[in-house]
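Let me begin by presenting the structure, written as structure tokens, before commenting on it.
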There are 2 protein chains.
Amino acid sequence: MAARDTGTEQLIKDTAKRIFFSEGKLHATTQDIADAAGVNRTLVHYYFRSRDILFEQIIQEGKEEWRLVMEPILTGNHPFKVKLKKMIDTVLDLIIAYPYRELFVITEEKRHAEIQLDGKHDLFIKPFLAEIKEEMIKGHIKTMDPRQFMMNLLSLMSYPVVSASLQKSVLRISDAEYIKMMKQRKNIIFEMLYQD
Amino acid sequence: MAARDTGTEQLIKDTAKRIFFSEGKLHATTQDIADAAGVNRTLVHYYFRSRDILFEQIIQEGKEEWRLVMEPILTGNHPFKVKLKKMIDTVLDLIIAYPYRELFVITEEKRHAEIQLDGKHDLFIKPFLAEIKEEMIKGHIKTMDPRQFMMNLLSLMSYPVVSASLQKSVLRISDAEYIKMMKQRKNIIFEMLYQD
DNA sequence: TTATTATTTAACAAAATTGTTAAACAAATA
DNA sequence: TATTTGTTTAACAATTTTGTTAAATAATAA
């Protein structure tokens with residue numbers, strides 16, 4: 001034992017994440033991943049044995065990263081307004097870094113088994129849904145199913161990033177303008193969802 | 001000439017659209033398409049010669065369908081409020097019918113050349129952006145770049161449909177509830193974007 | 001009925017992709 | 001230095017996928 005860790009196994013996973021989650025090349029092969037990581041394709045199989053196992057692992061890591069970012073924001077003891085602001089700020093950055101993660105999970109799900117969520121998620125999402133309900137009673141949020149509110153929030157953050165190339169061509173947005181607009185969105189999204 | 005039209009060529013295209021745009025099976029092969037259409041795979045090549053040509057054609061048809069739905073709504077001589085309502089009503093139905101069309105275009109774009117839009121789009125999108133600006137001055141819409149408004153509108157319609165499976169598992173939404181929620185969304189979206 | 005068109009069947013070839021194995025080489029550790 | 005671990009190279013096999021071709025069959029139109 002005491003296998004020395006060269007970080008190559010993680011390098012391969014990180015490269016795969018970059019290709020699938022960040023660059024959105026959903027059809028990339030193990031060869032593409034190996035090339036991008038600068039290692040031999042045999043090594044990919046040496047560490048992960050199969051493409052499916054690698055996929056499964058990066059999906060799990062992606063889910064875990066997501067939870068590690070969300071949990072402290074949603075369970076903290078701050079006012080709802082602060083949580084919402086923090087969430088938009090943090091999650092939008094995360095989505096910009098990994099625009100295609102959800103998309104990858106969705107399309108891979110269609111090839112294999114359904115993705116499962118562990119009970120850990122309920123522990124912080126359910127209380128947050130309850131907080132949303134309270135804010136509706138206080139009049140800071142339009143009254144609706146709190147899950148609709150969550151969908152609105154996620155939609156406003158995710159979709160413009162996933163569909164960036166389409167938005168740019170349909171709405172005639174230059175690359176520079178697009179970046180500027182994404183920065184403005186954090187405020188726009190907050191103001192659409194919350195009123196003092 | 002006067003080649004008799006059996007509708008099979010269109011059947012293959014429609015089946016491909018169903019698989020890619022509707023079912024989101026982005027990795028489907030020509031064999032999968034042929035099977036789903038109930039024809040021999042040779043016929044797919046007989047009509048389209050290559051997979052890429054078939055893909056190119058269904059993307060073009062998808063773009064054209066989208067334009068044919070949008071154009072009459074956006075260029076009509078109705079009040080903005082009516083147009084917006086009509087647009088949400090019609091486009092959300094379209095998105096529910098073809099949830100993964102944008103996704104397919106985006107991912108295919110990454111494998112081949114960039115998707116081009118003809119000038120036709122500007123003819124009805126630019127005037128509509130101008131209308132949005134007017135509504136902001138009238139105070140019916142929060143002030144922002146009109147293109148941000150369009151992004152918000154498209155996001156609120158598209159994302160919950162594309163990410164349905166994820167939303168269901170994260171927010172613990174049953175299939176029946178999800179359908180109910182999608183019906184409610186037409187009003188929710190309108191009310192988020194427009195205030196009398 | 002004959003000719004044309006649509007479709008299937010079967011048999012391939014070529015390429016791409018995944019996965020395995022064995023041997024060699026490189027680098028770190030004991 | 002000897003040994004273990006990491007990595008590459010090379011050579012395969014198996015499978016999948018795309019694309020082509022020729023011949024047979026079915027259906028329709030002239």
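Here is how names work: the chains are called A, B, and so on, in the same order as the sequence lines, proteins then strands, and each is numbered from 1. These numbers were taken from a predicted model, which means no experiment stands behind them.
Between the CD atom of A:Q31 and the P atom of D:dT9 there is a distance of 12 Å, given to the nearest Å. Spacing between atom CD of B:Q10 and atom C1' of C:dA6 amounts to 17 Å, rounded to whole angstrom units. Put simply, CG on A:D35 is 15 Å from C1' on C:dT18, counting in whole angstrom units. A:F48 places its CZ atom 15 Å from the P atom of C:dT18, with the value rounded to the nearest Å. Look at NE2 on A:H27: it is 11 Å from P on C:dT17, rounded to the nearest Å. Between A:D32 atom CG and C:dT17 atom C1' there is a gap of 10 Å when expressed in whole angstrom units. Put simply, CG on B:L43 is 18 Å from P on D:dT25, counting in whole angstrom units. Spacing between atom CD1 of B:I33 and atom P of D:dT17 amounts to 12 Å, rounded to whole angstrom units.
Residue A:K86 qualifies as open at atom NZ: its count of foreign heavy atoms under 6.0 Å is 12 or below. Counting non-hydrogen atoms of neighbouring residues, nucleotides and ligands closer than 6.0 angstrom, the NZ atom of B:K25 reaches no more than 12 such neighbours. Within a 6.0 Å sphere centred on NE2 of A:H27, other residues, nucleotides and ligands contribute more than 12 heavy atoms. Atom CG of A:D196 has more than 12 heavy atoms from other residues, nucleotides or ligands within 6.0 Å.
The CD1 atom of A:I59 sits 5.0 Å away from the CZ atom of A:F104 when rounded to the nearest 0.5 Å. B:I88 CD1 to B:K83 NZ: the interatomic distance, rounded to the nearest 0.5 Å, is 14.5 Å.
Ring pair B:F149/B:F80 is tilted by interplanar angle, where 30° to 60° counts as tilted.
Side-chain proximity of B:T8 to the nucleotides D:dT8, D:dG6, C:dA6 is greatest for C:dA6.
For B:D93 and B:K186, the salt-bridge test passes: some basic side-chain N is under 4.0 Å from an acidic carboxylate O.
As judged by a 4.0 angstrom heavy-atom cut-off over every strand, B:Y47 is placed among residues touching the sugar-phosphate backbone only.
For the 3.5 Å distance criterion, the side chains of A:T75 and A:E71 fail to qualify, holding no donor opposite an acceptor.
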Taking only N/O atoms, report every protein-nucleotides 19-22 of chain D pair under 3.5 Å with atom names and distance.
unit_1: D:dG19; atom_1: OP2; unit_2: B:R51; atom_2: N; d: 2.7
unit_1: D:dG19; atom_1: N7; unit_2: B:R41; atom_2: NH1; d: 2.9
unit_1: D:dG19; atom_1: N7; unit_2: B:R41; atom_2: NH2; d: 3.4
unit_1: D:dG19; atom_1: O6; unit_2: B:R41; atom_2: NH2; d: 3.0
unit_1: D:dT20; atom_1: OP2; unit_2: B:R49; atom_2: O; d: 3.3

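Axis angle between the ends of the helix from C:dT1-D:dA30 to C:dA30-D:dT1, five pairs each and rounded to 10 degrees, works out to 10°.
Side-chain nitrogen and oxygen atoms of A:Y46 include none within less than 4.0 Å of the OP1 or OP2 phosphate oxygen of D:dT7. One finds a side-chain N or O of A:N40 lying less than 4.0 angstrom from the OP1 or OP2 phosphate oxygen of D:dT9.
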